[in-house]
Enquirer: 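The structure that follows is given in the form of C-alpha cells.
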Amino acid sequence: MLHAGRCLASALATLLVALCASGNALAQVGRAVWDERYEKARRALVAGQEAEAASEFDQLAASAPTAEDAQRATELAEICRAKLSARIDASHLRSSGEMTLLYSTAFIYGLGTSTWVALLTQPKNVGGAVLPFALLTTAAVGGVSLADSYRPFRRGVPQSIASGAYLGLGEGVWLVGIQHAGAARRDDGSNWDSKRVASVLWGGATLGAIGGGVVGALRQPTPGRVSFTLSTSLWGGLVASFAGAALSANEERRTEQAFTVGMVGYNVGLAGGLIFAPSVAPSVARVRLIDLGGIGGGLIGAGVYSLALGSADSRGSLGAASVGSLLGLGFTWWATSGMPSDPPKPGRALSLMPSLVRTRDGWLATVSGEL
C-alpha cells in the first residue's frame with residue numbers, strides 16, 4: 001500500500017514537471033511571436049505607415065505578456081496617432097505656390113498703394129515720393145510674412161486673397177473705362193482725374209482682397225476652384241466686351257457700350273465661377289491650360305479674319321477674337337477633361353451656430369462657432 005502511494009506521488013510529480021516545462025515552452029513561443037509582431041510594427045512606424053502601425057500596437061498592448069510591454073505598445077500607438085494627426089493638419093495648409101502668388105500680389109499691391117498715396121499727397125521732393133514706396137511695399141509683403149508665421153494660412157486662403165485683389169481691381173478697371181468712355185463721348189471734361197482713378201482702382205483691389213480672404217476662411221476653397229472663378233470672370237468680361245464692340249453699330253457710343261457689356265459679362269462670369277467651381281473642381285494646371293487656349297484662340301481668330309479680309313477692320317477683328325476665344329476655351333476644356341481634378345481635402349466643416357439672447361433692452365442675435 002505504501003509502495004503504491006509512493007508510485008502515485010512520483011507519477012504526479014513527473015506530470016507536474018512536464019506540465020511546467022510545457023507551459024514554459026508555450027510562454028517562450030508566445031513571447032517570441034509577440035516580439036516578432038512588435039518589431040514588425042516598429043518597422044512600419046519608421047517607414048511612415050502610421051495607420052497600420054497604430055492598429056498593430058493596439059493589438060499588441062491587449063495581448064502583451066507583461067504590463068511593461070503593454071505600456072510600451074500603448075505609447076507607440078499614441079505616437080502613431082499623433083503623427084497621423086500632424087500629417088492631416090499639414091495637408092490642409094497652404095502650398096509654396098500659393099504663398100508665391102500671395103507675396104507677388106502683396107508686392108504689387110504695395111506699389112499700387114504707394115502710387116495712390118503719392119498722387120493724393122503730391123510730395124514736393126524726391127524723398128517724399130520714394131518714402132511711401134519703401135514703407136508701404138515693405139509693409140504689405142512683411143504683413144503677409146508675419147501673418148503666415150504667426151498662424152500658417154489654410155489651403156486656398158492665399159489664393160483667395162490674391163484672386164480677390166485682382167477681381168476687385170478688374171471691377172475698378174471696368175468702372176473707370178465706362179466713365180472715361182462716357183466722358184469722351186460727351187466731351188464735357190467730366191472724366192475722372194488721376195486721383196479719383198487711383199482711388200477707385202485701389203479701393204476695388206482692397207475690398208476684393210478683404211472679400212477674398214473672408215470667402216477663403218469661411219469656404220476653404222481649393223486653389224483650382226479659386227483660379228477657375230478668376231478665369232471665368234476675366235474671360236466673361238473680355239469676350240462680352242469684344243462682342244459688344246463688334247455688334248455695336250453706333251460708333252459714337254461703341255467704346256462705352258463695349259465697357260458696359262464687358263462689366264456685365266465680367267460679373268456674370270464671376271457668379272458662374274462661384275456657382276460651378278465646386279462641382280467642376282479643376283486643378284490650377286488645367287485652368288492655366290484653358291487660359292492659354294483662350295488666348296491662342298483669340299489671336300488666331302483675329303489673325304485669320306484680318307488675313308482673309310486683307311485689311312484691318314477693328315469691329316470684325318474684335319468679333320473674330322471673341323469667337324476664337326470661345327472656341328479656344330471650349331477646345332482646351334474638352335482636351336483637358338482627362339486631367340485629375342482638385343477636390344477639397346477631407347476635414348472638419350465650418351460650423352456656425354446662430355442664437356437669440358434676451359437682454360434688458362430687447363433681443364441680441366449672435367453667431368458662434370469655430371473657423
Side-chain angles (χ1 to χ4, degrees), residues 94-105 108 155-156 158-174 177 204-205 208-209 212 215-216 221-246 258-259 261-305 317-343:
R94 77 291 181 272
S95 63
S96 58
E98 281 192 85
M99 291 307 299
T100 300
L101 175 63
L102 183 57
Y103 276 123
S104 61
T105 303
I108 296 172
R155 182 172 181 252
Q159 192 98 13
S160 298
I161 296 173
S163 297
Y166 292 125
L167 286 171
L169 178 64
E171 296 281 2
V173 169
W174 291 114
V215 171
T222 64
R225 286 167 53 180
V226 178
S227 298
F228 177 79
T229 302
L230 177 60
S231 182
T232 56
S233 303
L234 294 177
W235 284 113
L238 289 175
V239 171
S241 181
F242 291 165
F259 273 107
V261 173
M263 188 171 188
V264 173
Y266 184 84
N267 286 281
V268 170
L270 174 60
L274 291 173
I275 293 172
F276 294 107
S279 59
V280 175
S283 63
V284 176
R286 187 185 181 193
V287 174
R288 295 293 174 262
L289 290 174
I290 294 172
D291 289 338
L292 289 175
I295 294 172
L299 294 176
I300 292 173
V304 169
Y305 178 84
S317 297
L318 289 174
S322 177
V323 174
S325 296
L326 287 176
L327 292 176
L329 291 170
F331 174 76
T332 48
W333 178 267
W334 169 79
T336 59
S337 59
M339 294 183 65
S341 61
D342 186 22

Enquirer: At their closest point, which heavy atom of Arg286 faces which heavy atom of Ser337, and how far apart are they?
Expert: NH2-CA, 3.5 Å

Enquirer: Check Gly269 against Thr232 and note the closest heavy-atom contact, atom names and distance.
Expert: O-OG1, 2.9 Å

Enquirer: Measure the spacing between CG of Asp291 and OG of Ser227 and express it to the nearest 0.5 Å.
Expert: 8.5 Å

Enquirer: Roughly how far apart are Leu167 CG and Ser160 OG, rounded to 0.5 Å?
Expert: 10.0 Å

Enquirer: Is a donor on one side and an acceptor on the other found under 3.5 Å between the side chain of Thr229 and the backbone of Leu270?
Expert: no

Enquirer: Taking Gln159's backbone N and O only, do any of them form a donor-acceptor pair with Glu98's side chain (distance below 3.5 Å, no angle check)?
Expert: yes

Enquirer: If you look only at distance, which donor and acceptor atoms sit under 3.5 Å apart when one is on a side chain in residues 292-303 and the other is two or more places apart or in another chain?
Expert:
none

Enquirer: What is the distance from atom CH2 of Trp235 to atom CG of Leu329, rounded to the nearest 0.5 Å?
Expert: 5.5 Å

Enquirer: Go through Phe242 and Leu326 one step at a time and tell me if the side chain to side chain contact (heavy atoms under 4.5 Å, CB included) criterion holds.
Expert: CA-CA 11 Å; Phe242 291 165; Leu326 287 176; over 6 Å; no

Enquirer: Drop me the distance from Leu234's CG to Tyr266's OH, to the nearest 0.5 angstrom.
Expert: 5.5 Å

Enquirer: Locate the shortest heavy-atom distance separating Ala245 from Leu318; write the atom from each residue and the value.
Expert: CB-CD1, 3.6 Å

Enquirer: So for atom CZ, which belongs to Phe331, do other residues, nucleotides or ligands contribute more than 12 heavy atoms lying within a distance under 6.0 Å?
Expert: no

Enquirer: Describe, in one word, how the ring planes of Trp333 and Phe228 are oriented to each other, choosing from parallel (under 30°), tilted (30 to 60°) and perpendicular (over 60°).
Expert: tilted

Enquirer: Using the rule given for side chain to side chain contact (heavy atoms under 4.5 Å, CB included), can you reason through Ser241 versus Met263, listing the C-alpha separation, both sets of side-chain angles and the distance that settles it, and then say yes or no?
Expert: CA-CA 8 Å; Ser241 181; Met263 188 171 188; over 6 Å; no

Enquirer: Please report the closest heavy-atom contact between Met99 and Pro158, naming both atoms and the distance.
Expert: SD-CG, 3.9 Å

Enquirer: Ignoring hydrogens, what is the shortest heavy-atom contact between Thr105 and Ala162? Give both atom names and the distance.
Expert: OG1-CB, 3.4 Å

Enquirer: What are the two closest heavy atoms between Ala285 and Met339, and how far apart are they?
Expert: CB-CE, 4.1 Å

